[in-house]
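A short worksheet on the structure shown next.
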Amino acid sequence: MPNLPWDFSILGVPVSVNARRSSIQRWKGQVHAAAQGAWPAGDAPCACKVQIHITFYHDSAPPDVDNMLKPIQDALCGVVYVDDSQLTDTHGHLRDINDQYRVKGMTPAQAAGFVADTAFVHIRIELPPPAGELP
C-alpha cells in the first residue's frame with residue numbers, strides 16, 4: 001500500500017453518471033489507466049477504509065458534482081482500492097480553473113493539471129478521520 005494521502009490528476013471533462021453508457025465506459029477507462037500509471041509500481045490496491053476528494057477544475061459549465069463522482073469511484077476499483085465499498089467519505093468539488101487561488105502545499109499532480117492549461121480532475125485518496133470524529 002502506498003503512503004497516504006496519494007493523488008493524481010487526469011486531463012479532461014468528467015462524464016456524468018447520466019451520460020451514454022459508451023461515454024461512461026470510455027471515461028472510466030481513461031481514469032483507470034491514469035490511476036494505474038500514477039499508482040506506485042508493485043503496490044496492491046488499498047485494503048483499508050479510505051476517503052476520496054475529487055475536484056474538477058473546469059472552464060465552462062460543469063456537470064452536477066454528485067453526477068461526476070460515481071464513474072470515477074468505480075474506475076479506481078482494483079487499482080487504488082479493492083472495492084468502492086471501502087470509501088467512508090466522498091468529497092466532490094467544482095472549481096473554476098480561471099479563478100485565483102492561494103495555494104499551500106500544492107502536489108506535483110495538482111501542478112501538472114494547472115500547467116496543462118485545460119480542464120482537469122484532481123483525485124486525492126487518504127485515510128478517513130477517526131471513527132468517533134464527525135465530519
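Starting from 1, each residue takes its place in the sequence as its number.
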Please report the interatomic distance [atom1]([X]) to [atom2]([Y]), rounded to the nearest 0.5 Å.
| X | Y | atom1 | atom2 | result |
| --- | --- | --- | --- | --- |
| Y57 | N98 | OH | CG | 13.0 Å |
| Q86 | C77 | CD | SG | 8.0 Å |
| C48 | L4 | SG | CG | 6.0 Å |
| T90 | D84 | OG1 | CG | 8.5 Å |
| R21 | K28 | CZ | NZ | 7.5 Å |
| K70 | N18 | NZ | CG | 13.5 Å |

Side-chain heavy atoms nearer than 4.5 Å, only ILVMFWY residues, links allowed to pass through others: does that put [X] and [Y] together?
| X | Y | answer |
| --- | --- | --- |
| I52 | V65 | yes |
| L87 | I72 | yes |
| L11 | I97 | yes |
| V82 | W39 | no |

Between [Y] and [X], is there a side-chain heavy-atom distance shorter than 4.5 Å?
| X | Y | value |
| --- | --- | --- |
| V121 | I54 | yes |
| D7 | H53 | no |
| W6 | N3 | no |
| P14 | V31 | no |
| L76 | I123 | yes |
| W27 | S16 | no |

Please find the pair of heavy atoms, one from [X] and one from [Y], that lie closest to each other, and give the distance.
| X | Y | value |
| --- | --- | --- |
| H58 | A119 | CA-CB, 4.4 Å |
| F8 | A34 | CE1-CB, 3.8 Å |
| F120 | Q110 | CZ-O, 4.0 Å |
| G78 | P45 | O-CG, 3.3 Å |
| H122 | S9 | CD2-OG, 3.4 Å |
| V79 | H32 | CG2-CE1, 3.1 Å |

Using 30° and 60° as the class limits, which term best fits the ring planes of F114 and Y101: parallel, tilted or perpendicular?
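F114 vs Y101 ring planes: tilted.
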Looking at V17, V15, L94, which one forms a side-chain contact (heavy atoms from CB on, under 4.5 Å) with M68?
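Result for side-chain contact (heavy atoms from CB on, under 4.5 Å) with M68: L94.
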Above 12 or not: heavy atoms from other molecules or residues under 6.0 Å from CG of D117?
no
